[in-house]
Amino acid sequence: QVQLMESGGGLVQPGGSLRLSCAASGFTFSMYAMRWYRQAPGKEREWVATIERIGTTNYADSVKGRFTISRDNAKNTMYLQMNSLKAEDTAVYYCYRRGLNWGKGTLVTVSS
């Protein structure tokens, strides 16, 4: 079955860190660019970061310098290391591959 499963969300204080994971199955993970998106309460889903097949990365301005996207093709897993978290980073985070349906996401709450 082709699917993506996000994990690693939780409650963290402002300035803290979290690492999200996206486990892929049912397809050749290394052949696809992968992305993270997020959706904050009451807002539209927005793009966060992309990692290409060869490892090239791009980030939304709002997270540049704080978040790091990476992948481990041997483990069929993508990661999002989030540092210096802010309240405005509170959202459900989704991993995405072109052509697949959205998963359930993982909730990140940044609050004191």
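Because the structure is a prediction, the values reported are computed rather than measured.
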Item to check | Any side-chain heavy-atom pair of Q81 and L18 under 4.5 Å | outcome: no
Checklist entry - Same cluster for L20 and L100 if Ile/Leu/Val/Met/Phe/Trp/Tyr side chains link at under 4.5 Å? => result yes
Item to check | Contact summary for T77 and S21, nearest pair of heavy atoms | outcome: CG2-CB, 4.3 Å
Checklist entry - Would a hydrophobic clustering, with Ile, Leu, Val, Met, Phe, Trp and Tyr connected at side-chain separations under 4.5 Å, put V12 with Y93? => result yes
Next on the checklist: Do M78 and I54 sit in one hydrophobic cluster, given that two such residues count as connected whenever their side-chain heavy atoms are within less than 4.5 Å of each other, even indirectly?
Outcome noted: no
Checklist entry - Are Y32 and L80 connected, step by step, through hydrophobic side chains (Ile, Leu, Val, Met, Phe, Trp, Tyr) whose heavy atoms are closer than 4.5 Å? => result yes
Item to check | Lys/Arg-Asp/Glu bridge criterion (N-O < 4.0 Å) met for E6, K104 | outcome: no
Next on the checklist: Donor-acceptor pair, distance only, cut-off 3.5 Å: does the side chain of T109 make one with the backbone of L11?
Outcome noted: no
Next on the checklist: Assess whether a salt bridge exists between D61 and K64, defined as any Lys/Arg side-chain N lying under 4.0 Å from an Asp/Glu carboxylate O.
Outcome noted: yes
Checklist outcome for this item: The reported gap from CG in N58 to CD in E52 (rounded to nearest 0.5 angstrom) is 7.0 Å
Checklist entry - Can you tell me how far the CD atom of Q3 sits from the SG atom of C22, to the nearest 0.5 Å? => result 10.0 Å
Checklist entry - Could you give the distance from OG (S111) to CD (Q13), rounded to the nearest 0.5 Å? => result 8.5 Å
Checklist entry - Under a single-linkage rule joining Ile, Leu, Val, Met, Phe, Trp and Tyr whose side-chain heavy atoms are separated by less than 4.5 Å, which residues share a cluster with W47? => result Y37, V92, Y94, Y96, W102, L107
Checklist entry - Are R19 and Y79 close enough that a side-chain donor and a side-chain acceptor fall under 3.5 Å? => result no
Next on the checklist: With rounding to the nearest 0.5 angstrom, report the OG1 to CZ distance, T50 to R35.
Outcome noted: 5.0 Å
Checklist entry - Cut-off 3.5 Å, side chains only: do N83 and S17 have a donor facing an acceptor? => result yes
Next on the checklist: List the residues meeting salt bridge (charged side-chain N to carboxylate O under 4.0 Å, His left out) with R45, not counting sequence neighbours, and say none if there are none.
Outcome noted: none
Checklist outcome for this item: Between the CZ atom in R38 and the CD atom in E44, the distance rounded to the nearest 0.5 Å is 14.0 Å
Checklist entry - Does the separation of the ring centres of Y59 and F67 fall below 6.0 angstrom? => result no
Item to check | ILVMFWY cluster, M5 and V108 together (side-chain gap under 4.5 Å) | outcome: no
Item to check | side chain to side chain contact (heavy atoms under 4.5 Å, CB included) assessment of R71 paired with F29 | outcome: CA-CA 10 Å; R71 65 192 300 162; F29 178 72; 3.6 Å; yes
